[in-house]
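To keep things clear, I will list the structure first and then write my remarks on it.
Residue numbering restarts at 1 for every chain, and letters A, B, ... go by the order of the sequence lines. No experiment lies behind these values; they were computed from the predicted model shown. Heavy atoms only: backbone and side chains are in, while hydrogens, waters and symmetry mates are out.
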There are 2 protein chains.
Amino acid sequence: MKATLDQIVLEARELFRERGYAGASMQELADRVGLKKPSLYTRFPNKEALVSDVMALTFEETFADWPEECSEWMPMYETIVHRIAATLSDRKRCIGLHLAYGVSETTPAAAAAVRDYFAALRDRMAEILSAGVGPERAEDMATDALTRLEGATLWIVTAGDMRPMERAVASLIAEARTASAQTSHNNA
Amino acid sequence: MKATLDQIVLEARELFRERGYAGASMQELADRVGLKKPSLYTRFPNKEALVSDVMALTFEETFADWPEECSEWMPMYETIVHRIAATLSDRKRCIGLHLAYGVSETTPAAAAAVRDYFAALRDRMAEILSAGVGPERAEDMATDALTRLEGATLWIVTAGDMRPMERAVASLIAEARTASAQTSHNNA
DNA sequence: AATACGACCGACCGATCGGTAGTTTACAGA
DNA sequence: TCTGTAAACTACCGATCGGTCGGTCGTATT
């Protein structure tokens, strides 16, 4: 095998991130991994099938080497917020957001994969937050946290400005602390 | 003229919003406005040139029938936040964000148009906020407000969920009020 | 040595892409 | 009524799109 499956998925992710779903071509993916186009179709039935593998890989990477469940929630929340922000700042754009806008009803499997990715990410963050701020507020807080992290990529993409992302990270962590303090106070 | 320039730009915007820059084709735009493809090229030199017209139209629409400058800042800020949120909720996605991700160094004029659009929008919001929270905090607050509004489209696009957008609007307005109160207090 | 198989590739498919050359049509002004 | 002009048209360009066909090659099994 000239290229492993993981290499292809990694390169596909980079291509989707740069050019979006419609703008990414199987020909360029083949060129990047050093294969001819027909060889790609021995591994993937079609272009759309790449998307779910790309999202699955991205989710796994986000939670690679994840600490034990017995850890305290606040360091865990800080870690995941920092990891997401670091990836977005590093790659200059969000592959999930680009695909979310790029897929449509003509690519239902891809749309489902993107939807499930963000739902799973939100659920994992809500699970962590739940230990600190209670289960009622956790899901909304996780959703809004992703809203701000993803939204901050707008300024990276258009102007190369990282400061909105830095402010988002700082205020998310600060808000989690205050929310936790209020919850403890209410429970006391 | 079978179709006015404005009709074409309006339809181009809808097409870009749905399919992104790469996914939108001149053929489909021609079909939608009831023209043949070559007729489009009598009005626009190329596909890329549509982008700046689309963004200009969108900016003008956002500030159509804008109240006099002598108005109080808080109603003005509420109005613009509500207008942006209403458009995003209504169209289910943001044309600016879709284009921001969709254009690249191969379409520099389009990239510049999108960058300038968001910069101008942020500046107008900062100008309004400046009267309430002071010029130092205004620009960051305006930037972060757009971050949250744009980010909230993620959940509309992927899951049809409007609640994150509603929460973003509510908390933006609430934060503007508190920030204003703090500023008044400091000045007093 | 015969066989079976997965990885790979050259050549090709119909369709569509952005864009253009050359021609017709409709209408305004003289 | 004639004429100039702009808008729209038919027909086409080379390139690229996602995807497929038929076959080659190396290797592992028997």
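- Using a 4.0 Å cut-off between a side-chain N of Lys or Arg and a carboxylate O of Asp or Glu, A:Glu166 and A:Arg163 do not qualify as a salt bridge.
- Checked against C:dC8, D:dA8, C:dG10, the side chain of A:Lys36 finds its nearest nucleotide in C:dG10.
- Atom CG of A:Leu35 is separated from atom P of C:dA7 by 11 Å (rounded to the nearest Å).
- Ionic pairing of A:Glu14 and A:Arg19 is not present here: no N-O contact between side-chain nitrogen and carboxylate oxygen is shorter than 4.0 angstrom.
- Of the charged side-chain nitrogens involved, at least one lies within less than 4.0 Å of a carboxylate oxygen, so that A:Arg32 and A:Glu18 count as a salt-bridged pair.
- In this model, the phosphate group of C:dC9 is approached by a side-chain N or O of A:Ser39 to a distance below 4.0 Å at OP1 or OP2.
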In the 5'-to-3' direction, what one-character label does each nucleotide of nucleotides 15-29 of chain D receive under the scheme B = base within less than 4.0 Å of a protein heavy atom, S = sugar-phosphate only, - = no such atom? --SBBBB--------
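- Atom CG of A:Leu5 and atom P of C:dG6 are 15 Å apart (whole Å).
- Residue B:Arg43 has a polar side-chain atom (N or O) positioned under 4.0 Å from OP1 or OP2 of D:dA8.
- We find that CG of B:Leu29 is positioned 12 Å from P of C:dG19, with the value rounded to whole Å.
- Between the side chains of A:Arg148 and A:Ser171, at least one donor N or O lies within less than 3.5 Å of an accepting N or O.
- A tilted orientation is assigned to the rings of B:Trp73 and B:Tyr77, their planes being inclined by 30° to 60°.
- Using bins of under 30°, 30° to 60° and over 60° for the plane-to-plane angle, the ring pair B:Tyr117/B:Phe59 lands in the perpendicular bin.
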